[in-house]
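Values below: every heavy atom of this structure, side chains too, minus hydrogens, waters and symmetry copies. For clarity, every value in this text was computed on a predicted model and none was experimentally measured.
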Amino acid sequence: MASQYCFVLVNAIILLCSLCPNLSLAKETKVLGLKMNAIDGCWRWNPNWRSNRQQLAMCSVGFAGKMSNNSGKDVLNYEVTDPSDNALNPQPGTLRYGATMIRGKKWVTFQRDMKIKLEKPLLISSFTAIDGRGVNVHIAGNACLRVFKATNVIIHGLRIHHCKSQPPSTVMGPDGLVSLGGVDGDAIRLVTASKVWIDHNTLYECEDGLLDVTRGSTNVTISNNWFRDQDKVMLLGHDDGFFRDKNMKVTVVYNHFGPHCNQRMPRIRHGYAHVVNNLYKEWTLYAIGGSMNPSVKSEANLFIASQQNKEVTWRKDIVSNSWKFYSKGDIFENGASFVQTGQGGAEPLYNKEQNFQVVDAKSVRSLTRASGALTCTKQSRC
């Protein structure tokens, strides 16, 4: 009996030792990704993130710049305690009350894990940070989020899915009742919004798309999100006839696209997008597409093609030299290819607070390892 016990123990030790290198490698990969990710490396090392949530606001990069207007002593801390929703008469304790009704700067957190089913689209007002760290928050099953004529907005750490289209309706907005036309089933839609940062969310399976940036919205950073299980993923630009979107500037960085994403990662009209250090897994129709002479710099991304389609890009219009679809430092696997268009490099021309170091595409798997809503506990780093 003792010899059998020793034999089992020895085998267990051998098995554990054989696993240690893999465990060490996984930890090393996580640490490496954290060091290289300009956003996560700014705050995720801090085990006291819960008592210093506003640190996050100074970690954004890209066209949104630093979200300094969302931090400071004048920020109201608001906690969501009630998952219910009333679109016409929002009640204290609900997400709609905090995100829509409270004026001025506010940092919205959640008391516990929640599943929130919104009656109607939620209009997020200016100077709002919605912070889902430390809990598991789902917004799902009906209407979802809209940033309408607002600025200085952070959306972080949410799981948004199964959003449904909505008929014309009336909802409470920051300045009273607002009449909305019919709404497509998007997870997040920006309408005439500016300086918006969308970071570390998990978005999937919505009726229309996952993220729309439309009607003159600009200075937007979309980072560290996980987009999966969706036909139309991300739309930048309202329609071909909306020329105000020529001023649109969007940074798409450190995101994970896939599995099961078909198209629009992003699809851009008129404006400019810097698409950098993202992981693309097996698109079906295309990954990056556009119309109306947009400019796109695809930089240091990892494109892993599906068996159905190898080409990354798609263009609706007759292409002229005014188009700039430009690839620099991208890595293409499984036969992926990128047809470039136009002359020049379509540089983002970031200012000092927007700028960040682009990482070699060989490290994209590590960079995007933690994409999506994070699992954060009280006594540890996220």
Does a side chain donor of either [X] or [Y] reach within less than 3.5 Å of an acceptor in the other side chain?
X: K106; Y: T128; answer: yes
X: N46; Y: Q55; answer: yes
X: T109; Y: E79; answer: no
X: E207; Y: S165; answer: yes
X: N219; Y: S194; answer: no
X: S327; Y: S298; answer: no
X: D231; Y: Q263; answer: yes

Using side-chain heavy atoms (C-beta onward) and a distance below 4.5 Å, is [X] in contact with [Y]?
X: F127; Y: V75; answer: no
X: L374; Y: R133; answer: no
X: F110; Y: I130; answer: yes
X: I116; Y: L122; answer: no
X: M248; Y: S217; answer: no
X: R381; Y: P47; answer: yes
X: N262; Y: Q230; answer: no

[X] atom [atom1], neighbour heavy-atom count above 12 within 6.0 Å:
X: K246; atom1: NZ; answer: no
X: K149; atom1: NZ; answer: no
X: K249; atom1: NZ; answer: no

query: With clusters built from Ile, Leu, Val, Met, Phe, Trp and Tyr whose side-chain heavy atoms come within less than 4.5 Å, directly or transitively, what are the remaining members of the cluster of L285, listed by chain and number?
result: Y286, W314
For [X], which residues count as a ring pair (Phe, Tyr, Trp, His ring centres under 6.0 Å) partner, sequence neighbours excluded?
X: F257; answer: F227, Y280
X: W43; answer: H156
X: F356; answer: Y350

Any side-chain to backbone donor/acceptor pair from [X] onto [Y]? Under 3.5 Å, distance only.
X: N277; Y: A300; result: yes
X: D245; Y: G216; result: yes
X: T251; Y: F63; result: yes
X: N247; Y: T218; result: no
X: S125; Y: A99; result: yes
X: T368; Y: N278; result: no
X: N142; Y: E119; result: yes
X: Q340; Y: F338; result: no
X: T341; Y: K324; result: no
X: T151; Y: S126; result: no

field: Pairs where residues 162-187 contributes a residue and the test salt bridge (Lys or Arg N to Asp or Glu O under 4.0 Å) is met, not counting sequence neighbours
entry: R103-D175
- request: Please work out whether the ring planes of W283 and F303 are parallel, tilted or perpendicular, with thresholds of 30° and 60°.
  value: perpendicular
message: For Y204 and H161, take the angle between the two ring planes, folded into 0 to 90°, and tell me which bin it lands in: parallel under 30, tilted 30 to 60, perpendicular over 60.
response: parallel
- prompt: Does the side-chain contact (heavy atoms from CB on, under 4.5 Å) test come out yes or no for N255 and M265, once each step is laid out?
  reply: CA-CA 10 Å; N255 300 285; M265 294 171 268; over 6 Å; no
I need the minimum non-hydrogen distance between [X] and [Y], along with the two atoms involved.
X: V275; Y: N301; result: O-ND2, 2.9 Å
X: Q54; Y: S71; result: OE1-CA, 3.1 Å
X: P348; Y: K297; result: CD-CD, 4.2 Å
X: W197; Y: A64; result: CB-CB, 4.4 Å

Using the rule that two of Ile, Leu, Val, Met, Phe, Trp, Tyr join whenever any of their side-chain heavy atoms come within less than 4.5 Å, decide whether [X] and [Y] are in one cluster.
X: I154; Y: V253; value: yes
X: I102; Y: L118; value: yes
X: V339; Y: V296; value: no
X: L88; Y: L180; value: no
X: M114; Y: I188; value: yes

- request: In sequence, state the C-alpha distance, the side-chain angles, and the governing distance for K362 and D360, and then conclude on salt bridge (Lys or Arg N to Asp or Glu O under 4.0 Å).
  value: CA-CA 5 Å; K362 293 178 182 178; D360 192 298; 5.2 Å; no
message: Going by the rule side chain to side chain contact (heavy atoms under 4.5 Å, CB included), which residues pair with S363 if we only count those two or more places apart in sequence or in a different chain?
response: M36, V359
- request: Scan M234, K316, K232 and name whichever one has a side-chain contact (heavy atoms from CB on, under 4.5 Å) with R267.
  value: K316
Pair R96 + D85, salt bridge at N-O below 4.0 Å: yes
message: Could you go through L349 and Y272, starting from their C-alpha distance and side-chain angles, then the distance that decides it, and tell me whether this counts as side-chain contact (heavy atoms from CB on, under 4.5 Å)?
response: CA-CA 11 Å; L349 302 177; Y272 177 86; over 6 Å; no
- prompt: Are we looking at SG atoms under 2.5 Å apart for C206 and C163?
  reply: no
